[in-house]
Amino acid sequence: MSNTSHYHDLIIVGSGGGSMCAALYAASRGKKVLVLEKSGYYGGTTARSGGVMWIPNNRFMKRDGVEDSFERARTYLEALAETFEDAPGATPERRERFLKEAPAMIDFLVEQGLELDRVPFWPDYNDELSGGCKTSRCVVAAPFNKKALGEWADKLRPGFLDLPATLDEALAIPYVKRSWAARKVFVRVAFKVIGALLTGKRYVSCGAALQARLLQAALSHGVEIRLETAVRELLENNGRVTGVIAEHNGKREQLGASLGVIVGAGGFAHNQALRKQYQPGTNVQWSSAPVEDTGDMHLELQRIGAALAQMEEMVGQPC
Ligand SMILES: Cc1cc2nc3c(=O)[nH]c(=O)nc-3n(C[C@H](O)[C@H](O)[C@H](O)COP(=O)(O)OP(=O)(O)OC[C@H]3O[C@@H](n4cnc5c(N)ncnc54)[C@H](O)[C@@H]3O)c2cc1C
């Protein structure tokens, strides 16, 4: 393997939502950014997801006259966090930082040209708690014609709902036999599908639309994205991470990053050994996360001394 061959300001591992938001932000501030993605698809689990972002006190709530505030959302998170007070990912400082930065993140994404909107009805999962919201604090991306991505269109990971329909329209359709409102939605979506077929548009929605919009904005700022490129090692110098060793087509390359490396490499849903260690009795076959989420970066971060926490936690649902 050769010595460091290329230098960037920032290297980002993985192309999920967290990674791409960081990539876009850094590139919009003039930084040279490289995203390394192990899969042949761009977009991570995020592209496969509902793409529903929980953002209290966001600009769309203000627009719609829905009451919310930093304090109200903090009260809700405090009530929720009571049961896991010792979780390092949810300390009071982190909760406050999230509540301050999340609406600012949405403002930034809108300024960058991403078309986002509020989900009209998506109550907080524990809306009975003090500070809970009974309508919706959630934001999603508008459906997107992925043909606008050019050669990247077929590299976007297929989504949850590859249709010209918003999430609330999709959720109404199963009630078509029971409700006139749902029938109206069905007809509207059917017209949009026919329109797309006639005009050759290829719509994606939900998480795939979010990832497509982030990709379009990131590419316009010159972010470089390499697919089928797995990060194998994090390189350290005097206690700082200064680069990575990445592998593409069996060939390893050393890449430098002057500002550091951001790891957004997903979870370990597809690593049976880690499941056995942290979540005994669960199985990789039960996961709808992409197969590339194998926790290799958890192990690599641990090797260089990072602390792991809340490894027993997971989100599970029948599907
Ligand atoms: C069906 C479904 C629906 C969901 N709906 C929602 C929702 O509506 N709202 C919500 O908040 N959450 C939802 N989730 C959860 C949410 O999608 C994930 O928590 C989130 O997308 C994780 O984002 P991430 O950026 O951390 O990682 P990911 O999106 O998983 O991205 C990680 C990327 O890193 C890559 N990678 C891994 N290892 C390496 C390596 N060594 N080198 C280079 N690349 C690597 C992977 O290939 C992957 O592309 C849903 C999940 C699923 C499965």
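Whatever order the structure lists ligands and atoms in, that order sets their numbers, starting from 1. Predicted model only: the values in this text are computed from it and were never measured. Heads up: numbering here begins at 1 and tracks the sequence.
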Side chain to side chain contact (heavy atoms under 4.5 Å, CB included) between K38 and D296, intermediate numbers included:
CA-CA 11 Å; K38 179 163 67 163; D296 15 338; 3.2 Å; yes

Test of understanding: given a 4.0 Å heavy-atom threshold, classify the contact between T229 and ligand 1 as side chain, backbone, both, or neither.
backbone

Result of checking I55, T135, N57 against D68 for side-chain contact (heavy atoms from CB on, under 4.5 Å)
N57

Any N/O of E37 closer than 3.5 Å to an N/O of ligand 1?
yes

Just to confirm, does any protein heavy atom lie below 4.0 Å from atom 12 (N) of ligand 1?
no

A230 heavy atoms within 4.0 Å reach ligand 1 at atoms 42 (N)

Output for pair (S258 OG, R240 CZ), nearest 0.5 Å, gives 8.0 Å

Ignoring hydrogens, what is the shortest heavy-atom contact between K134 and D127? Give both atom names and the distance.
NZ-O, 3.2 Å

Heavy-atom proximity to atom 26 (O) of ligand 1, picking from G267, A269, G266, points to G266

Parallel, tilted or perpendicular: ring planes of W152 versus Y42, cut at 30 and 60 degrees:
perpendicular

Is the positively charged end of R137 above the ring of Y76, judged by distance under 6.0 angstrom from the centroid and angle within 45° of the axis?
yes

Least distance between heavy atoms, H8 atom then V33 atom
CD2-C, 4.2 Å

Pick from G14, S49, C206, G18: the one approaching atom 2 (C) of ligand 1 most closely through a non-hydrogen atom:
S49

Among the heavy atoms of G17, does any lie under 4.0 Å from an atom of ligand 1?
yes

When you measure from atom 29 (O) of ligand 1 to each heavy atom in L299, T46, V263, which option holds the nearest one?
T46

G50 to ligand 1: N or O pair under 3.5 Å?
yes

Between E253 and R226, does any NZ, NE, NH1 or NH2 come within less than 4.0 Å of an OD or OE carboxylate oxygen?
yes

Hey, mind stepping through L214 and L114 against side chain to side chain contact (heavy atoms under 4.5 Å, CB included) and telling me if it holds?
CA-CA 7 Å; L214 279 169; L114 271 79; 3.9 Å; yes

among protein heavy atoms, the one nearest atom 52 (C) of ligand 1 is T45 CG2, 4.2 Å

Return yes or no for this condition: an N or O of G43 is under 3.5 Å from an N or O of ligand 1.
no

Can you check side chain to side chain contact (heavy atoms under 4.5 Å, CB included) on E233 and E300, steps first, answer last?
CA-CA 7 Å; E233 261 181 60; E300 182 56 10; 3.8 Å; yes

Close-contact set for ligand 1 against G51 heavy atoms, below 4.0 Å
7 (C), 8 (O)

What atoms in ligand 1 come closer than 4.0 Å to a heavy atom of G44?
29 (O), 31 (O), 48 (C), 49 (O)

Say whether Q317, considering both its backbone and side-chain N or O atoms, lies within less than 3.5 Å of an N or O atom on ligand 1.
no

Which ligand 1 atoms does G16 reach within 4.0 Å, using its non-hydrogen atoms?
25 (O), 29 (O), 31 (O)

If we set the cut-off at 4.0 Å for heavy atoms, which region of L36 has an atom near ligand 1: side chain, backbone, both, or neither?
backbone

May I ask you to check if ligand 1 and S288 share an N or O to N or O distance below 3.5 Å?
no

Just how far is it from atom CD of Q112 to atom OG of S28, taken to the nearest 0.5 Å?
5.0 Å

For atom 45 (C) of ligand 1, decide whether some protein heavy-atom distance is shorter than 4.0 Å.
yes

Exercise: identify the closest heavy-atom pair between E96 and F70:
O-CE1, 3.7 Å

Residue from D64, N58, D168 passing side-chain hydrogen bond (donor to acceptor under 3.5 Å, both in side chains) with R118
D64

Can you tell me which portion of D296 lies within the under-4.0 Å heavy-atom range of ligand 1? Options are side chain, backbone, both, or neither.
side chain

Tell me whether atom 19 (O) of ligand 1 lies less than 4.0 Å from at least one protein heavy-atom position.
no

On a heavy-atom basis, the closest approach of L36 and A246 is CD1-CB, 4.0 Å

Would you say D293 has any N or O atom under 3.5 Å from an N or O of ligand 1, going by distance alone?
yes

Atom indices of ligand 1 within 4.0 angstrom of G264 heavy atoms, with elements:
31 (O), 32 (C), 33 (C), 34 (O)

N/O of F160 under 3.5 Å from N/O of ligand 1, yes or no?
no

Which residue and atom name correspond to the protein heavy atom nearest atom 9 (N) of ligand 1, and how close is it?
V52 O, 2.9 Å

Hey, which atoms in ligand 1 end up nearer than 4.0 Å to a heavy atom of V231?
40 (C), 41 (N), 42 (N), 43 (C)

Looking only at heavy atoms, which two atoms of M311 and Q279 are closest? And how far apart?
O-NE2, 3.1 Å

For atom 37 (C) of ligand 1, which protein heavy atom lies nearest, and how many Å away is it?
A265 O, 3.3 Å

